[in-house]
Each structure stands twice: as structure tokens, then as C-alpha cells.
Amino acid sequence: MAMNKFDKEKLVEIVLYILNKKGGLDYYSLIKTLYFAELDHLAKWGRRITTDDVCAMPYGPVLSHLLNAIKNEGKDKELADMLHNVFQTPKNDAPYVLLPLREADEDYLSESEKEALDKSIAENSSLSFSQLMSKSHDDVWKKYFENGTGRKVIPTIALADAAHASDVMKEYIRENMELD
């Protein structure tokens with residue numbers, strides 16, 4: 001799904017929010033922290049924090065536009081430029097670590113989104129690569145990864161299953177998806 005300008009600006013502020021809370025983070029931990037915040041927020045409030053596609057990849061589900069922009073890959077040069085203007089990497093010392101260059105503009109985030117992000121930061125941002133990979137390799141990921149072919153977008157309702165959302169919440173999500 002294509003992201004509009006506001007979606008991209010919000011994603012940049014979310015990245016800064018997480019990076020500032022941790023004083024920097026490797027991009028795998030950043031993406032998994034955001035992924036688990038997405039699941040938590042979806043199960044509790046019936047909507048995601050971002051509009052980024054979640055894809056089943058070899059190392060688990062990832063927010064695909066975010067990953068591509070961080071790695072300077074993909075088609076969204078605008079998002080890549082926006083992100084690379086707000087973080088730096090220590091280059092040879094730790095090329096996968098992202099360090100924030102400014103504070104996040106929290107006006108882009110609701111209180112419920114900050115609550116989900118804070119919870120995920122506390123629970124996930126200090127886990128090792130293998131712990132995060134194991135935690136995110138659930139049945140939903142397995143279903144959409146399809147024998148190693150990867151890059152299949154995981155639908156929001158499947159993410160609600162991964163989040164263990166209640167049946168009532170899943171119905172609410174379905175109804176809202178139909179309205180959209």
C-alpha cells in the first residue's frame with residue numbers, strides 16, 4: 001500500500017520516539033519493537049499505529065516500507081530521505097545501529113499509540129536478535145511466509161489473530177475495513 005505524506009511523517013516520528021527512548025537501537029530491534037506495538041494497539045483499539053505493509057520475511061514479519069527506507073532500498077526515496085535526515089549510524093563501529101538526531105514530535109502520536117510503543121519498548125527492545133526472531137515466528141508468520149518465498153503482505157485481520165485480539169475486536173476490525 002502506498003503511504004501518503006502524513007503517513008511517512010508519522011512513521012519518521014515513531015522511529016524517533018523509539019530511538020530516543022533507547023538512545024539508539026539496531027534497525028532489526030527497532031522494527032520488531034514497532035511490530036509488537038502494532039499488534040498490541042490493534043488488539044486493544046482495533047487499529048494499527050502505522051499504514052506500513054507488514055510482510056512475512058525470513059527473519060519474521062517486518063514493516064516493509066520502513067525496512068526498505070532504512071536500508072536505502074525500494075522505490076520510496078522520499079521516505080528514505082526523510083528517515084536518513086533524522087538518524088545517523090556509527091558507520092564501521094556499528095553500521096546497523098541508528099542514533100536519533102533530534103527529539104520526536106509527539107503531536108503525531110496519540111496517547112494510546114505512545115502507551116503501546118512504551119510497552120513494546122520495555123518488553124522487546126532489549127531482546128537479542130534470536131529472541132526477537134523466535135517471538136515473531138508465530139503461526140500467522142508461518143502461514144504467510146510460504147516456504148521461504150517471503151515478502152507476502154500479512155493482512156490486518158491476520159495481524160489481529162497474531163495479536164490474539166478478541167472475536168469482538170476482530171469483528172470490529174472487519175467492519176472498519178469494509179467501511180474504508
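In this structure, CG in Leu67 is found 6.5 Å from CD1 in Ile70, a value given to the nearest 0.5 Å. Atom CG of Leu34 is separated from atom CG of Leu25 by 11.0 Å, given to the nearest 0.5 angstrom. Taking NZ from Lys75 and CG from Asn68, the interatomic distance works out to 9.5 Å, rounded to the nearest 0.5 Å. Rounding to the nearest 0.5 Å places CG of Leu39 at 8.5 Å from CZ of Arg48. Here the OG1 atom belonging to Thr156 is positioned 11.5 Å from the CG atom belonging to Asp161, to the nearest 0.5 angstrom. Taking CG from Leu11 and CZ from Phe6, the interatomic distance works out to 11.0 Å, rounded to the nearest 0.5 Å.
In terms of hydrophobic clustering, with Ile, Leu, Val, Met, Phe, Trp and Tyr side chains grouped at heavy-atom distances under 4.5 Å, Met169 and Met177 are assigned to a common cluster. Following chains of ILVMFWY side-chain contacts shorter than 4.5 Å, one cannot reach Leu19 starting from Leu101, and the two form parts of different hydrophobic clusters. In the hydrophobic clustering of ILVMFWY residues, with side-chain heavy atoms under 4.5 Å counting as a link, Trp45 and Tyr35 come out apart.
For the pair Lys152 and Phe145, the NZ or CZ position fails the cation-pi test of under 6.0 Å to the six-membered ring centre and within 45 degrees of the ring normal.
Counted within 6.0 Å of NZ on Lys114, heavy atoms from surrounding residues, nucleotides or ligands total more than 12; the atom is thus considered enclosed.
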field: Pair Asp81-Lys77, salt bridge (charged side-chain N to carboxylate O under 4.0 Å, His left out): steps then yes or no
entry: CA-CA 6 Å; Asp81 289 345; Lys77 179 142 176 49; 3.1 Å; yes
- prompt: Where do Ile154 and Val140 land on the side chain to side chain contact (heavy atoms under 4.5 Å, CB included) test, with the steps shown first?
  reply: CA-CA 8 Å; Ile154 303 172; Val140 172; 3.8 Å; yes
- request: Could you go through the side chain to side chain contact (heavy atoms under 4.5 Å, CB included) check for Phe36 and Ile31 one step at a time?
  value: CA-CA 9 Å; Phe36 288 116; Ile31 290 171; over 6 Å; no
message: Does Arg47 form a salt bridge (charged side-chain N to carboxylate O under 4.0 Å, His left out) with Glu113? I'd like the steps, not just the answer.
response: CA-CA 10 Å; Arg47 66 179 180 81; Glu113 291 168 340; 3.1 Å; yes
message: Could you go through Asp118 and Tyr17, starting from their C-alpha distance and side-chain angles, then the distance that decides it, and tell me whether this counts as side-chain hydrogen bond (donor to acceptor under 3.5 Å, both in side chains)?
response: CA-CA 9 Å; Asp118 289 341; Tyr17 184 85; 2.6 Å; yes
query: Hey, mind stepping through Arg174 and Glu171 against salt bridge (charged side-chain N to carboxylate O under 4.0 Å, His left out) and telling me if it holds?
result: CA-CA 5 Å; Arg174 277 189 201 90; Glu171 185 56 34; 3.7 Å; yes
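The side-chain heavy atoms of Glu115 and Lys44, taken from C-beta on, include a pair separated by under 4.5 Å. Annotation: side chain of Val54 is not in contact with side chain of Ser64 (no heavy-atom distance under 4.5 Å). When side chains are defined from C-beta on, Thr33 does not count as touching Leu117, because their heavy atoms never get closer than 4.5 Å. Between Thr89 and Tyr96, every side-chain heavy-atom pair lies at or beyond the 4.5 Å cut-off. Residues Ser29 and Leu132 have side chains in contact (heavy-atom distance under 4.5 Å, counting atoms from C-beta outward).
Hydrophobic side-chain contacts under 4.5 Å tie Val97 into a cluster, directly or through other members, with Leu99.
Here Tyr108 pairs with Glu9 under the side-chain hydrogen bond (donor to acceptor under 3.5 Å, both in side chains) rule; sequence neighbours left out. Not a single side-chain hydrogen bond (donor to acceptor under 3.5 Å, both in side chains) links Lys143 to another residue, sequence neighbours left out. In this view, Tyr59 and Phe129 satisfy the ring pair (Phe, Tyr, Trp, His ring centres under 6.0 Å) rule, not counting sequence neighbours. With sequence neighbours left out, the side-chain hydrogen bond (donor to acceptor under 3.5 Å, both in side chains) criterion links Ser126 to Lys22.
Considering every non-hydrogen atom in both Asp138 and Ala162, the closest pair reads OD2-CB, 3.4 Å. Taking each heavy atom of Leu66 and Leu79 in turn, the nearest pair found is N-CD2, 4.5 Å. Pairing each heavy atom of Ala69 with each of Leu83, the nearest pair is CB-CD1, 3.5 Å. Nearest heavy atoms, Asn20 versus Pro100: OD1-CG, 3.6 Å. Across all non-hydrogen atoms, the minimal contact from Val12 to Met82 is CG2-CB, 3.8 Å. Of all heavy-atom pairs between His41 and Ser110, the closest is NE2-OG, 4.5 Å.
Side-chain polar atoms of Asp7 and Thr51 form a donor-acceptor pair below 3.5 angstrom. Checked by atom type, the side-chain pair Ser134/Gln131 shows no donor-acceptor distance below 3.5 Å. No hydrogens or angles considered: nothing links the side chains of Asp76 and His65 as a donor-acceptor pair under 3.5 Å. In this model, no donor atom of one side chain and acceptor atom of the other lie less than 3.5 Å apart for Asp139 and Tyr144.
Side chain of Lys10 to backbone of Ile49: a donor-acceptor contact under 3.5 angstrom is found. Side-chain N or O atoms of Lys21 include none that pairs as donor or acceptor with a backbone N or O of Leu16 at under 3.5 Å. Not a single donor-acceptor pair under 3.5 Å links the side chain of Asp53 to the backbone N or O of Cys55. A donor-acceptor distance shorter than 3.5 angstrom exists from the side chain of Ser136 to the backbone of Met133, with no hydrogens or angles considered.
With respect to the salt-bridge test (charged N to carboxylate O, under 4.0 angstrom), the residues Glu38 and Lys32 do not qualify.
Taking the six-membered ring for Trp and thresholds of 30 and 60 degrees, His84 and Phe87 have ring planes inclined between 30 and 60 degrees apart.
Screening residues 157-180 for ring pair (Phe, Tyr, Trp, His ring centres under 6.0 Å) gives no qualifying pairs among residues at least two apart or on separate chains.
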